[in-house]
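Every chain is numbered from 1 and lettered A, B, ... according to where its sequence line falls, protein lines coming before strand lines.
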There are 2 protein chains.
Amino acid sequence: MTTGRFTPEATRLDDAARAGWLYYVAGNTQDEIARKLGVSRQSAQRLVAMAVSEKLVKVRLDHPIARCMDLALSVQQKYGLTQCEVVPSDPEAPDLLTGIAIAAASELERVLKSDERKIISLGTGRSLKATVEQLPRMSCPQHIVVSRLGNMMSDGSASPFNATIQLAERIGAPHYPYPLPVLAHDSDELTTMKSQEAVRNTIALCERADLSLVGIGQMDMTAPLHVDGFVDNAEMQELADAGAVGEITSWVYDAQGRIIDCAFNRRVASAPLPRAEDRPVVAIASGEAKLPAIRAALLGGLVNGLITSEATAERLLAR
Amino acid sequence: MTTGRFTPEATRLDDAARAGWLYYVAGNTQDEIARKLGVSRQSAQRLVAMAVSEKLVKVRLDHPIARCMDLALSVQQKYGLTQCEVVPSDPEAPDLLTGIAIAAASELERVLKSDERKIISLGTGRSLKATVEQLPRMSCPQHIVVSRLGNMMSDGSASPFNATIQLAERIGAPHYPYPLPVLAHDSDELTTMKSQEAVRNTIALCERADLSLVGIGQMDMTAPLHVDGFVDNAEMQELADAGAVGEITSWVYDAQGRIIDCAFNRRVASAPLPRAEDRPVVAIASGEAKLPAIRAALLGGLVNGLITSEATAERLLAR
DNA sequence: CCTGCCGATGGGCAAATACTCGATCAAGGG
DNA sequence: CCCTTGATCGAGTATTTGCCCATCGGCAGG
């Protein structure tokens with residue numbers, strides 16, 4: 001028999017294991033354990049606690065969700081987020097929006113259930129659109145929905161990916177569309193535009209938003225800004241040269257998540273991104289193409305929450 | 001994405017998994033889970049319970065003791081015991097007595113801690129001796145220690161393996177040695193002996209014992225009865241022919257744990273083994289050599305408790 | 001359309017569990 | 001030798017958890 005087998009510490013750990021077994025495996029109460037081990041109830045409690053703190057008991061969750069929760073916690077910690085949700089990816093279609101849309105919708109729904117008035121501000125994009133489509137109809141006249149950016153395409157038509165109106169209609173809440181185009185022609189025009197009272201009011205609402213949901217756009221040739229015609233090839237190249245990797249509500253940022261000081265951003269009419277830590281700004285984004293954009297947004301603290309897919313979360317944690 | 005991925009049942013299980021993860025992995029309270037998932041505390045409780053009942057959570061104990069507790073439960077169930085304790089074996093010395101002696105001593109100690117008067121009856125043997133040696137000195141004048149059998153060797157000297165005196169001395173309790181030799185010359189002499197008041201009194205104490213600790217003896221050429229000179233080669237052979245596989249306090253029994261009706265047993269002067277189920281009769285025994293004797297004793301219900309080693313418990317469960 | 005049934009929900013309460021605090025005790029240093 | 005230090009214990013208390021039950025809402029059948 002090994003030396004030290006019966007030292008006090010070993011005995012104590014043995015008892016902890018015994019108590020842990022009786023508690024977690026056999027389902028005894030701590031009272032029963034105390035009786036069986038011949039100690040006080042408090043000591044039994046301490047033994048069970050020790051079994052946990054000494055990592056003698058290992059819990060495993062046999063469910064795909066478990067892995068997602070692990071990833072979510074890791075992402076949250078790595079990037080200092082206040083909230084993070086990871087949704088299982090279908091290996092055959094890892095970039096499908098349905099999953100994260102459902103998750104985002106339930107997060108949104110959770111906030112909407114509140115009786116207090118909440119200001120919900122939205123960006124644009126396919127993720128947002130899909131999210132709102134997952135939301136059940138509810139009656140929430142106490143809340144306010146506000147758009148963080150204009151929805152006018154360059155040809156003057158409304159963007160099909162603006163979800164504000166649809167959300168407001170679904171939940172029966174008043175809504176504030178963003179009364180400006182996406183881009184001004186120059187910064188002077190922008191100054192003029194922003195001096196309007198309606199604009200100032202809308203921006204103020206955005207700043208006070210109790211929940212902001214935004215998409216994240218990548219900055220390659222598949223970029224929403226480019227595909228939707230806001231940025232032409234030449235400007236796209238210019239932005240790429242300036243280090244742009246992503247955009248949130250049209251604000252273009254670099255790989256460190258810093259909003260780039262450039263001609264384009266000086267024309268962006270969208271509401272400024274909230275910087276206060278306690279204003280939840282949640283990004284809804286997934287997919288290989290958006291990965292650098294998502295990582296940069298997290299690094300730069302442009303958002304403090306993320307809803308993404310399992311595959312994307314894994315890539316965010318790689319290296 | 002798989003069909004049925006978002007059916008109510010799947011969503012519910014997902015939530016259960018989520019709740020289970022938050023509870024067991026992240027250490028949240030059910031209240032916090034309720035808040036995070038946006039449900040009532042009761043629902044959160046139901047989700048956690050579901051995660052358990054649906055076997056989503058698996059607990060594992062990383063400690064040698066855990067395996068012992070599993071074995072103990074299995075042995076207890078297989079043989080219908082009221083108590084069973086299994087002690088880790090050292091693979092290099094699986095039959096060492098120290099481990100089970102410590103376990104037996106703490107079981108004994110647990111009983112001795114009681115303020116009510118307890119009658120402790122003891123058999124003989126190396127296991128018992130070792131057990132008492134592991135017992136710390138205590139002051140228990142309220143209890144009574146009584147021997148279940150004589151300790152006289154055939155040459156008239158006292159057996160060195162009688163633990164009664166030592167136990168009584170260690171715990172400061174009155175003790176009753178067994179006032180007869182191990183064997184009478186014949187059943188007539190036994191009848192005479194047992195008619196003595198002191199003997200009847202001692203046997204009555206044994207019958208009322210609140211805890212009986214006994215050893216188990218094998219019946220081959222290494223048998224304690226033989227080694228200690230109570231049974232010679234010829235009689236040993238005779239008993240083996242009658243099917244004897246083991247003995248407890250000198251009562252010899254067969255493979256089914258039935259006390260054999262034979263000349264030898266008719267000379268045994270020891271107190272009868274208690275049959276009442278509620279009298280704890282705990283065997284302290286381990287080792288490959290004793291295995292058939294232990295198994296038979298358990299099968300026949302000669303004891304209702306067992307303290308043994310991991311290796312022995314495994315063998316008891318084999319097949 | 002109404003009605004009764006079934007499962008889910010949340011309030012309330014008792015049991016179980018975790019934490020705080022002062023008392024006690026053994027080990028080690030002055 | 002005594003004192004300090006740190007650990008452990010049990011009592012008491014606050015928190016958490018499990019369960020019962022009245023109620024609600026959806027749904028199938030009349």
Apply side-chain contact (heavy atoms from CB on, under 4.5 Å) to residues A:V303 and A:V214 and explain how you reach the verdict.
CA-CA 9 Å; A:V303 300; A:V214 297; 4.1 Å; yes
Given side-chain contact (heavy atoms from CB on, under 4.5 Å), test B:L81 with B:L298 step by step and report yes or no.
CA-CA 8 Å; B:L81 305 178; B:L298 299 184; 3.9 Å; yes
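Rounded to whole Å, atom C1' of D:dT8 lies 14 Å from atom CG of A:D15. Atom CD1 in B:I33 sits roughly 10 Å away from atom P in D:dG18 (whole-Å rounding). Look at OH on B:Y24: it is 13 Å from C1' on C:dT17, rounded to the nearest Å. Between A:L47 atom CG and D:dA7 atom C1' the separation is 14 Å, expressed in whole Å. If you measure from atom CD of B:E32 to atom C1' of D:dT15, you get 12 Å, rounded to the nearest angstrom. As a whole-Å value, the separation of B:R35 CZ from C:dG10 P is 15 Å. Rounded to whole Å, the distance from CG on B:N28 to P on C:dT17 is 19 Å. As rounded to whole Å, 10 Å separates atom C1' of D:dT8 from atom CE of A:M50.
In this structure, B:Y23 does not reach the D:dT16 phosphate: none of its side-chain N or O atoms is under 4.0 Å from OP1 or OP2. The side chain of A:Q30 places an N or O atom within less than 4.0 Å of a non-bridging phosphate oxygen (OP1 or OP2) of C:dA18.
Contact check on B:R18 versus B:D15 returns a salt bridge, with a Lys/Arg side-chain nitrogen under 4.0 Å from an Asp/Glu carboxylate oxygen. Ion pairing between a basic and an acidic side chain is recognised when a charged N comes within 4.0 Å of a carboxylate O; B:E85 and A:K36 show no such pairing.
Contact annotation: the side chain of A:V146 never approaches that of A:L122 to less than 4.5 Å [non-hydrogen atoms, C-beta and beyond].
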Return all side-chain donor-acceptor pairs below 3.5 angstrom for residues 103-112 of chain B, not counting sequence neighbours, or 'none' if the list is empty.
residue: B:S106; atom: OG; partner: B:I102; partner atom: O; Å: 3.2
residue: B:S106; atom: OG; partner: B:A103; partner atom: O; Å: 2.9
residue: B:E107; atom: OE1; partner: B:R110; partner atom: NE; Å: 3.4
residue: B:E107; atom: OE2; partner: B:Q83; partner atom: NE2; Å: 3.1

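Of the residues in residues 38-46 of chain B, B:S40, B:R41, B:Q42, B:S43, B:R46 come within less than 4.0 Å of DNA chain C through at least one heavy atom, sorted by number.
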